Amino acid sequence: MYTRRSSSSSDRSSGPESSSPGQYSPSGYHMIKVYILQAKLDATAVAELYTLIKSCKDVPDGLRLQLCGNPSDADVILSNVHMRKRLERHLDWDIAKQKAIVTPDWLHDSVAQQRPLNCADYAALGELREETDKNCPDCDLPKCICSSESSKESLLDNGTMNLITSPHVSYNYAARYSCQRASPLVCPNQRLANELSVLRIHRDLEGKTVNALSYERAIAVSTGLRLAYPRVITQADLDTEVVHLPYLGEKIRSKVLLCFRGCYHYVNDALTKINEFIRFGRIEECNTIRSSARFLSLKAFASIHGVGSTTARHLYSIGLRTVEDMEQYYDVPIADDGVPLLPNNEPKYTPNGKRIPTNDTIPDLDIKAALVLRHEFAISISRSEVEEMHNLIMAELNDLKPGCASTIVGGYRRGKPESNDVDIVITHADLRGGGEKITGLRKRFVERLYNRGLVSHVARGAGFIAQDSFRWHSLENALTVFRLPAQVDARHLHRRLDLIIAAPEAYWSAVVGWTGSKMFERDLRLWAKTEKGLKFDSSAVTRRHDSKRFFPQSENDVFSLLGLQWIDPTLRNADI
DNA sequence: GGGCAT
DNA sequence: CGTA
DNA sequence: GCCC
């Protein structure tokens, strides 16, 4: 029942040949109104379905669902009733024929994949299968597959456009590595993950990095639970199932218990009590941490780009307590209104409109600059703005070197509705062999963007090259600060932009390496090492015993080289 | 007790 | 040490 | 903090 021609819209657009706008948008799904027909569903099941629907209310770019109180208003009706006679006791047959009537599995699986699945595969009544198919809302043959984008093959075309994540992966929620599991963006266990995240951040800020890693793993497992196990954890689950989940060991498990204390008192009777069900407990220690002044100071310090936990603890130890203290300490110029003075690096023009070339070096994104820019960096970037930035950047690049291909990676590619930064992987057939050609292009491109007033800063400390020991490198990146021109976006905000220039042979490794999430990447590398004797980094897969390098020719190639099943980018959200 | 991504 |  |  999972074998239809559906597509993850991500891949068809992730081909480097498609540097066109609005490449990957998992979204565009209409709000789907769902009615729960309670007959033959017990209170627990109804509560689960209710929670699932609620969790999909505010996801503008994923699956959007709305609980609906009246079957005739619904697009989809969830039902465990399989006989016409029985159904007619609850629902007018003429109305039933105008709806898609599916089993609750449709909801579970659709939430898991964050897209509305084909209703016919889940028809509750064989007799209404055709109607269910016909009335299926927004069935996931995406518009983009039928329209536009001629499928011209390029040497970089990956042939992975129609991959779907195997449902088998969705039921792998107890697997050891997050690269074996499916981790969607939203989940009913979000609250648990948020609580664990407080502990994770706290351990990190206090320098207990391995403890923090354990919490990251526990969070990653929790994020997968929403999938094959898409329900809020109950006491019974805790007793039977949670014991067998990896990375929820004795100490973390006891905290999970704390977090869910009380939630098994829910609904023995009706939907009306479901709001009680939603009220979770909290982890006691988190409350202590949240109200700790030291924690708040360290967290504020470390929120500045370039300041990690070590520097944060140092600043605290010499008496600093607030970011304003930091401004003084780092000598940030403050305007009369008390706001840090934004840098003025607009391009200069002669009276007749010609740009005066600037020969000055590009300002460094150091801690001082990051302090000045921190308010703008905190403003999240919408998907359409990400796409706008990508368009502009690729237009500039095309001027400098025609024929480049690119993919927006990072959180955007994982389907996040809002991003903190923008990551773009870029390649060109001429860059085969890497080395000087890549360095040259990166340098010229960043300088051009700077001279055009599109890039204001570059992070130098981190301008690292590909981490391989080869003489030549096949990957280079530029960590920059970008601004859309005021004519395009009046806010003219400073945005974090990472450009990754890859040789064509390194392209797909780079795309996988930069799509994330962080935990997903660590587990890819750990899996490659411990299970396969391979090394994965964002420039290649390398066999450890003889250093033979493999250059995947598609994103799926990376997965199969590593002996892993395909996981859609939108299901790689193993971090919170 | 060692390893935890590169 | 900080970053992706 | 957890796993081997």
Side-chain angles (χ1 to χ4, degrees), chain A residues 174-179 196 199-200 202-221 243-256 285 301-315 364-367 370 377 409-411 413-414 419-425 458-469 473 475-481 496-500 502 509-532 534-542 544 562 574-575:
Chain A
R176 229 152 248 314
Y177 300 87
S178 56
C179 53
L196 293 174
L199 298 169
R200 206 261 314 152
H202 175 255
R203 303 300 190 267
D204 236 343
L205 289 172
E206 294 299 354
K208 302 180 173 175
T209 46
V210 288
N211 307 55
L213 174 59
S214 281
Y215 282 105
E216 284 185 81
R217 295 198 170 285
I219 290 166
V221 168
V243 181
H244 301 115
L245 292 172
Y247 301 109
L248 301 183
E250 206 182 319
K251 288 171 110 169
I252 294 186
R253 204 159 55 225
S254 70
K255 294 169 202 284
V256 172
E285 191 191 351
F301 297 158
S303 74
I304 306 301
H305 185 101
V307 178
S309 65
T310 305
T311 308
R313 286 194 302 277
H314 174 249
L315 296 175
D364 189 14
L365 176 57
D366 54 13
I367 293 178
F377 283 173
V409 288
R413 187 151 186 266
R414 298 199 307 276
S419 300
N420 305 318
D421 66 357
V422 179
D423 309 289
I424 301 175
V425 178
V458 185
R460 280 190 180 68
F464 49 86
I465 49 179
Q467 51 276 64
D468 60 65
S469 48
H473 38 253
L475 197 72
E476 263 197 61
N477 41 23
L479 314 183
T480 73
V481 179
R496 283 278 298 103
L497 167 72
D498 297 337
L499 299 171
I500 300 96
S509 296
V511 167
V512 173
W514 282 77
T515 295
S517 66
K518 184 177 164 192
M519 196 63 237
F520 191 91
E521 296 296 332
R522 297 170 98 167
D523 274 345
L524 271 183
R525 290 153 170 70
L526 189 62
W527 164 276
K529 181 197 280 198
T530 44
E531 308 292 333
K532 301 289 167 182
L534 298 169
K535 180 165 91 97
F536 173 70
D537 64 48
S538 41
S539 65
V541 173
T542 310
R544 294 186 107 99
L562 297 178
D575 297 329

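Proteins come first, then strands; the chains are lettered A, B, ... in the order of their sequence lines, and each starts at number 1. The structure displayed is predicted, hence computed values, not measured ones.
Phosphate contact (OP1/OP2 of B:dG3, side-chain N/O of A:Arg217, threshold under 4.0 Å): absent. For C:dA4, neither phosphate oxygen OP1 nor OP2 lies less than 4.0 angstrom from any side-chain nitrogen or oxygen of A:Ser538.
A:Asp423 meets the salt bridge (charged side-chain N to carboxylate O under 4.0 Å, His left out) test with no other residue; sequence neighbours excluded. Listed by chain and number, the residues in a side chain to side chain contact (heavy atoms under 4.5 Å, CB included) with A:Ala312 are A:Leu298, A:Phe301, A:Ala302, A:Val307 (sequence neighbours excluded). For A:Asp421, the salt bridge (charged side-chain N to carboxylate O under 4.0 Å, His left out) criterion is met by no residue, not counting sequence neighbours. Applying the side-chain hydrogen bond (donor to acceptor under 3.5 Å, both in side chains) test to A:Asp498 and every residue at least two apart in sequence or in another chain returns A:Arg496. For A:Asn420, the side chain to side chain contact (heavy atoms under 4.5 Å, CB included) criterion is met by A:Lys416, not counting sequence neighbours. Taking the salt bridge (charged side-chain N to carboxylate O under 4.0 Å, His left out) definition, one finds that A:Lys518 meets it with A:Glu216, sequence neighbours left out. For A:Tyr177, the ring pair (Phe, Tyr, Trp, His ring centres under 6.0 Å) partners two or more places apart in sequence, or in a different chain, are A:Trp527.
Without hydrogens or angle criteria, A:Arg203 side chain to A:Val210 main chain gives no donor-acceptor distance under 3.5 Å. Although no hydrogens or angles enter the test, the distance criterion places no donor-acceptor pair under 3.5 Å between the side chain of A:Asp204 and the main chain of A:Ala212.
Atom-to-atom, CG of A:Asn477 to C1' of C:dG2 comes out at 14 Å; the value is rounded to the nearest Å. One can place CZ of A:Arg313 at 11 Å from C1' of C:dC1, the figure rounded to the nearest angstrom. The interatomic distance linking A:Asp366 (CG) with C:dC1 (C1') rounds to 15 Å, in whole Å. Remark: P of C:dA4 and CD1 of A:Ile424 are 15 Å apart, rounded to the nearest angstrom. Rounded to a whole Å, the NZ atom of A:Lys529 is 9 Å from the P atom of B:dG3. Note: CZ (A:Arg413) to C1' (C:dA4) measures 16 Å, nearest angstrom. The nearest whole Å value for the distance from the CG atom in A:Leu534 to the P atom in B:dA5 is 17 Å. We find that CE of A:Met519 is positioned 17 Å from P of C:dA4, with the value rounded to whole Å.
When the C1' atom is compared between B:dA5 and C:dT3, the two are found 14 Å apart, to the nearest whole Å. For the P atoms, the distance linking B:dT6 with D:dC2 amounts to 23 Å, nearest Å.
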| task | Go through A:Ile252 and A:Arg217 one step at a time and tell me if the side chain to side chain contact (heavy atoms under 4.5 Å, CB included) criterion holds. | result | CA-CA 11 Å; A:Ile252 294 186; A:Arg217 295 198 170 285; over 6 Å; no

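Nearest to the side chain of A:Thr311, among B:dT6, C:dG2, C:dA4, sits C:dG2. For A:His305, counting side-chain heavy atoms from C-beta on, the closest listed nucleotide (C:dG2, C:dA4, B:dT6) is C:dA4.
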List, with names and distances, any nitrogen or oxygen atoms from the protein found under 3.5 Å away from nitrogen or oxygen atoms belonging to nucleotides 2-4 of chain D.
from	atom 1	to	atom 2	distance (Å)
D:dC2	OP1	A:Gly249	N	3.3
D:dC2	OP1	A:Gly249	O	3.4
D:dC2	OP1	A:Ile252	N	2.7
D:dC2	OP2	A:Lys251	N	3.4
D:dC3	OP1	A:Tyr247	N	2.8
D:dC4	OP1	A:Arg176	NE	2.6
D:dC4	OP1	A:Arg176	NH1	3.4
D:dC4	OP1	A:Arg176	NH2	3.0

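Among the heavy atoms of the strands, none lies under 4.0 Å from A:Lys208. If you check every strand for non-hydrogen atoms under 4.0 Å, A:Arg496 touches sugar and phosphate atoms only.
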| message | Dot-bracket, 5' to 3', for DNA chain B please: Watson-Crick or G-U pairs under 3.5 Å, [ ] where pairs cross earlier ones, | where the partner sits on another strand, dots elsewhere. | response | ||||.|

